[in-house]
Amino acid sequence: MASRKKPIDSSSAEAPAGMGWGDVNAYLTDSMQRTFLFLDTLLDRGNDYLEHLEQGTPPLLKFAHEMVLDGHDLPQPCNYALLRLQPPPGLPVNPQARPVVVVDPRAGHGPGIGGFKFDSEVGMAMKAGHTVYFVTFRPEPEDGQTLTTVLESEALFLEEVIRRHPQCKAKPVVIGNCQAGWAMMTLDAVRPELFGPLMMVGAPASYWAGSSKLNPMRYSGATLGGTWLASLAADLGADRFDGAYLVENFEKLNPANTFWSKYYNLWSSVDTEAERFLEFERWWGGFFRMTGAEIESITENLFVGNKLARGELEIKGKQVNLRNITAPVVVFASWGDNITPPPQALNWIIDAWGDERAIAAAGRTIVYVLHESVGHLGIFVGGSVALKEHDQLVSSLDVIESLPPGLYEMKLDAKDARETRRWDELEPGDYTVHYEHRTMDDIRKLNPEGREEEAVFSTISQWSEINANLYKTWLRPWVRMVSSRESANTLMKLSPLRMQRQLFSDAHPAAAFIRQQAAQARTARAEVGEDHPLKQFERRMAQRITDELNVFRDQRDARTVRMTNQLFGPNGLGAWLPPREPDAEAAHRRALKELGEYRDAVLGSIADGGFAEAVCRIVIAGMVSVGAFERRSLRLARLLAQLPRMHASVSPQTNWVQLLKEQARIAAVAPVEALNALEQMLPDTATRERALAVSAAVMMIEPTLANPRSEIIEFLIGTLGVDPDKVIVLARKLTSAIGEHPEEIKTPAKRSRAATPGKAAAGKPAVEKTAGKGKVPAGKAPAPRTRKKA
């Protein structure tokens, strides 16, 4: 992401007083050598571009691959294809591991960013033993291709992946990068039976969301008058929209990087930066085309219309409802991403569900991860991101699918080498992970500017529809009449982004001279040190140019925002085209109605179930009280479930994950009643003690029940009228049975009596000791609280 405006020190470009210029000849020699090496690298870029075109613009994948299905051969042909990637030597595939399907964005560039290098999504999935498939596409679409055609082809791809892995009961994990994220989300809502967890990486789904100061890209629809220009461009292209237009828009976001920084960084450090520059430019310079129908669907329904989050997007006449997605959804976004900021990646949750309890009541799981700083491209290919977030996401799939339904933020904490955590072997690697409960208000707080400005975009959407209809009625016939495939190809070749690569290659008249001088520079390279006065002066000048370009960008963006609000706000076109009702309000109203209906249905059978159901209720209540689920806890629960003789009513076939999810749905709408029903579900003291012991073991709190994290167990010990010491002994036996040494667990101090609610000592949880007849008072169920680190 581009850095925001910084104060400019007017004296920063001047050499410090009293400092000499150093060896001027040495600096001039170094800078001249760098210049020829820089030009030599740009010639390589041009050659790479032309070579890539001659090869048919294949995907730039780090991994060998084989074709599985070609969309060209399908009944409804499209330019997509399914590849199976081959892992490098030393990374065997686990045949029992579910397959992973990576789908790259078709947003102007070619495919390959998801598997650009080993330290990527693909590499981390291979490292974990998964078979990895990759959905690629060719530079030219098939005639008549639409988004529906593509979605149907991708559904066939997933069917083929499932068919190839009959031994794996779990459905494939699908990773949708950027624009592929909303495409996979749409398909998941239409064909949920094909999907395991869906990971959306840097993927926008709420296009009106964002910040006026940090995310100005969404205002381009207003400055251009809506979607009609995209239609015009496709018509001039003879039903082909050039992806270079989209890339140009990306580059305009950060003129300092586009016109200066990336070239200065190459020139200043050409000895070490050339290879990285060429690797990235090889992908950045691949421009792919869409059909007119595709770009119109994208701009009208998504970029400007924002219909996916609102539930107004239609596929074959049927509305796409994101609430139909049944498998977990994982959203990975970054604060450093100015193309898909966190609100654009997450606000669909508010608009689709309205209330976090509705997510849990419907049995759905949504997890999001936020990075502090990485930019839009780094979120896919950043080495540090791959080794941390992508690695932990892939290695946590088993836990994510076992989570009780609800809304969570996944948090990663680096392990302290000096501290040994309990059950650390259940989290191999450098990070410990927990899932914190989140609410709709938590998502709203991600954008301090609020959502009021989205009303302006509702007006812009209506204005765009008017302009689009005028263009299609009065201008389109004339434009199509004068356009041909030959004229379209000529326009494509004249694209500035293509021209700068085509013209500066070995075909350039000066290429031979540049190559000769670059070869001499490498032979007699004479670098000056970073402390050379002129080198320091050079860096200050470069920073000043960057700052000036950033000032220009900030002023341009501020003008655009101001103009948009004036033109489309309540004193402008907003008075003529008033905004529609905010989707969040409609969703919240719907959620409250559905929650009430589900609560009424649940209350009649609130006490149904026995030991296993009661344990799940206690664990859920405990984790809600703590405010988070530990990854270790859920894996520990899996080990505990395998113990023989858990309870007479528990069979080896008991599906604990399913029970946990069912009880979470009940707790979402009737938390107090769910806890009060435990007395009926656990009829005798021994069963109650064992249920509390199992729950305490899962939550890793049995060593010291005075620990604040054990609040719910303390509370239920009182309400269920059991002996706390017996609960502790049972919990210790359970953990020792699955590998923890009893001597490592502290024996709790003997207590004379349980505390009374409202009179507990500071730092101690409140407990009410009863003779088995206690009830959780209405409104007194343990509430979620801020999580404390273990």
Side-chain angles (χ1 to χ4, degrees), residues 1 181-182 185 200 202-223 226 301-313 321-323 329 331 333-359 366 368 370 407 409 438-465 557-558 560-575 577-592:
M1 174 184 175
W182 61 256
M185 179 183 262
M200 298 173 57
S206 298
Y207 289 85
W208 293 352
S211 163
S212 62
K213 296 178 181 177
L214 298 178
N215 314 119
M217 189 176 185
R218 59 192 183 138
Y219 292 89
S220 60
T223 58
N301 292 318
L302 299 166
F303 290 176
V304 177
N306 194 39
K307 294 181 179 180
L308 178 61
R310 299 210 312 266
E312 294 182 4
L313 180 66
N321 188 346
L322 297 181
R323 293 182 295 155
V329 177
V331 181
S334 172
W335 288 110
D337 187 346
N338 63 343
I339 292 176
T340 306
Q344 283 194 4
L346 295 172
N347 277 7
W348 67 270
I349 301 171
I350 304 174
D351 295 341
W353 289 101
D355 192 301
E356 65 278 358
R357 294 173 299 165
I359 299 174
I366 302 175
Y368 65 89
L370 298 178
L407 176 63
E409 180 177 2
R438 289 292 180 256
T439 67
M440 297 301 174
D441 283 339
D442 291 319
I443 297 180
R444 290 187 185 97
K445 289 175 184 175
L446 295 177
N447 185 2
E449 293 185 24
R451 304 192 67 183
E452 290 76 12
E453 200 174 62
E454 292 183 27
V456 172
F457 292 94
S458 178
T459 298
I460 292 172
S461 175
Q462 297 174 64
W463 178 248
S464 174
E465 289 178 16
D557 294 346
T560 302
V561 171
R562 187 166 56 251
M563 183 207 73
T564 300
N565 289 326
Q566 289 173 349
L567 186 57
F568 295 97
N571 296 323
L573 288 172
L577 301 170
R580 301 163 181 159
E581 179 189 25
D583 302 304
E585 293 181 9
H588 185 63
R589 188 167 57 249
R590 180 183 62 239
L592 292 180

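Every heavy atom of this structure was used, including side-chain atoms; hydrogens, water molecules and symmetry mates were not.
For the atom pair CD1 of I443 and OG1 of T439, the computed distance is 8.0 Å after rounding to the nearest 0.5 Å. Residue I350 holds its CD1 atom at 12.0 Å from CD of E585, rounded to the nearest 0.5 Å. Rounded to the nearest 0.5 Å, atoms CG (L346) and CG (D442) are 11.0 Å apart.
Looking at residues two or more places apart in sequence or on another chain, you find no ring-ring contact (aromatic ring centres under 6.0 Å, His included) involving Y368. Partners of N347 according to the side-chain hydrogen bond (donor to acceptor under 3.5 Å, both in side chains) rule, which considers only residues two or more places apart in sequence or in another chain, do not exist here. Residues meeting the salt bridge (Lys or Arg N to Asp or Glu O under 4.0 Å) test with R438, sequence neighbours left out: E409, E436. The side chain to side chain contact (heavy atoms under 4.5 Å, CB included) check on R580 picks up R310, E312, S458, Q462, E465, with sequence neighbours excluded. With sequence neighbours excluded, no residue satisfies side-chain hydrogen bond (donor to acceptor under 3.5 Å, both in side chains) with W353. The side-chain hydrogen bond (donor to acceptor under 3.5 Å, both in side chains) test applied to E454 returns R451, not counting sequence neighbours. Remark: A345 pairs with V331, A333, T340 by the side chain to side chain contact (heavy atoms under 4.5 Å, CB included) rule, at least two apart or across chains. Applying the side chain to side chain contact (heavy atoms under 4.5 Å, CB included) rule to A455 yields the partners P579; only residues at least two apart in sequence or on another chain are considered. Partners of E581 by side-chain hydrogen bond (donor to acceptor under 3.5 Å, both in side chains), not counting sequence neighbours, listed by chain and number: R589.
Listed for the W208 side chain is no donor-acceptor partner under 3.5 Å among the backbone atoms of R218. Between the side chain of Q344 and the backbone N or O of G210 there is no donor-acceptor pair closer than 3.5 Å. Side-chain atoms of D583 do not come within 3.5 Å of backbone N or O of D351 as any donor-acceptor pair.
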Applying side chain to side chain contact (heavy atoms under 4.5 Å, CB included) to L407 and I349, what does each step give before you reach the verdict?
CA-CA 9 Å; L407 176 63; I349 301 171; 4.2 Å; yes
Apply side chain to side chain contact (heavy atoms under 4.5 Å, CB included) to the pair L322 and W348, showing each step before the final yes or no.
CA-CA 9 Å; L322 297 181; W348 67 270; 3.8 Å; yes
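The salt bridge (Lys or Arg N to Asp or Glu O under 4.0 Å) contacts involving residues 560-575 comprise nothing, where partners must be two or more places apart or lie in separate chains.
Looking at heavy atoms from C-beta onward, L370 lies in side-chain contact with L446 at the 4.5 angstrom threshold. By the 4.5 Å heavy-atom criterion applied to side chains, W335 and P342 are counted as neighbours. Inter-residue side-chain proximity for K307 and L302 is flagged as unmet; no heavy-atom pair is nearer than 4.5 Å.
A side-chain donor from one of E449 and S211 sits under 3.5 Å from a side-chain acceptor of the other.
Separation of the F457 and Y219 ring centroids falls under the 6.0 Å cut-off.
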Donor-acceptor pairs under 3.5 Å, side chain of residues 564-571 to any protein atom, not counting sequence neighbours: which ones?
residue, atom, partner, partner atom, Å
T564, OG1, T560, O, 2.7
N565, ND2, E453, OE2, 3.3
N565, ND2, V561, O, 3.2

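Residues D337 and G202 come closest through the heavy atom pair OD2-CA, 4.2 Å. Considering every non-hydrogen atom in both T459 and P578, the closest pair reads OG1-C, 4.3 Å. Looking at every heavy atom in both residues, S206 comes nearest to A309 through OG-CB, 4.0 Å. Nearest heavy-atom pair, M440 versus G354, reported as atom, atom and distance to 0.1 Å: CG-O, 3.9 Å. The two residues A352 and R590 make their nearest non-hydrogen contact at O-NH2, 2.7 Å. The minimum heavy-atom distance between G181 and A203, with the atom names listed, is CA-CB, 3.6 Å.
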